[in-house]
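The model shown is predicted, which means the values in this text are computed figures rather than measured ones.
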Amino acid sequence: MSSTWCSRTAKGNVETHSNIYNRMFKPLMLTCGIVNGEGGPRFSLHAMRHAAASLFIEQGWPPKKIQTMFGHSSITMTNDDYGHLFHDPAKDVDLMDGMERGLMAA
């Protein structure tokens, strides 16, 4: 993931995924009562990443911006993961109009 910010340990090293999860994220979820049926954390860090991307798309962020923020190697990767969430009603109307014209001309 490409970012200018990262969590660091007391020694100045970059935090590992397991440290961030076990020392910060998991206790936060438990304290806030966001738990599953067994009383464990309800969401993973990866689930939060997908939730953030989904919210950005809902707010109208362009795919290229999301690709950059999430560190995807290509726009294809972004589209493979989140393409189903991009919605362009005007384009849908244009596609349907074109299909209708094609059917009427046949």
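Under the 4.5 Å side-chain criterion, counting only non-hydrogen atoms from C-beta, M29 is in contact with R42.
For N36, the side chain to side chain contact (heavy atoms under 4.5 Å, CB included) partners at least two apart in sequence or on another chain are E38.
L55 and F43 fall into different hydrophobic clusters, where Ile, Leu, Val, Met, Phe, Trp and Tyr side chains are chained together by heavy-atom contacts under 4.5 Å. Taking hydrophobic clusters as Ile, Leu, Val, Met, Phe, Trp and Tyr residues chained together by side-chain heavy-atom distances below 4.5 Å, Y82 does not share a cluster with M77. Cluster membership check: L28 does not share its hydrophobic cluster with M24, using side-chain heavy-atom separations under 4.5 Å among Ile, Leu, Val, Met, Phe, Trp and Tyr.
How far NE2 of H17 is from CG of N22: 9.0 Å, rounded to the nearest 0.5 Å. A distance of 10.5 Å separates CG of N13 from CG of N19, quoted to the nearest 0.5 Å. Here the straight-line distance linking atom OG1 of T68 with atom CD1 of I75 works out to 7.5 Å at 0.5 Å rounding. Atoms CZ and CD1, on F25 and I20 in that order, are 11.0 Å from each other to the nearest 0.5 Å. The CZ atom of F56 sits 9.5 Å away from atom NZ of K65, with the distance rounded to the nearest 0.5 Å. In this structure, NZ in K26 is found 11.5 Å from OG in S18, a value given to the nearest 0.5 Å.
The hydrophobic cluster containing L30, built from Ile/Leu/Val/Met/Phe/Trp/Tyr side-chain heavy atoms closer than 4.5 Å, also comprises V35.
Annotation for E58: atom CD does not count as buried by contact number, only 12 or fewer foreign heavy atoms lying within 6.0 Å.
The shortest non-hydrogen separation linking Y21 to P27 is O-CD, 4.0 Å.
Annotation: side chain to side chain donor-acceptor pair (under 3.5 Å) contacts involving residues 70-79, sequence neighbours excluded, comprise H72-T78.
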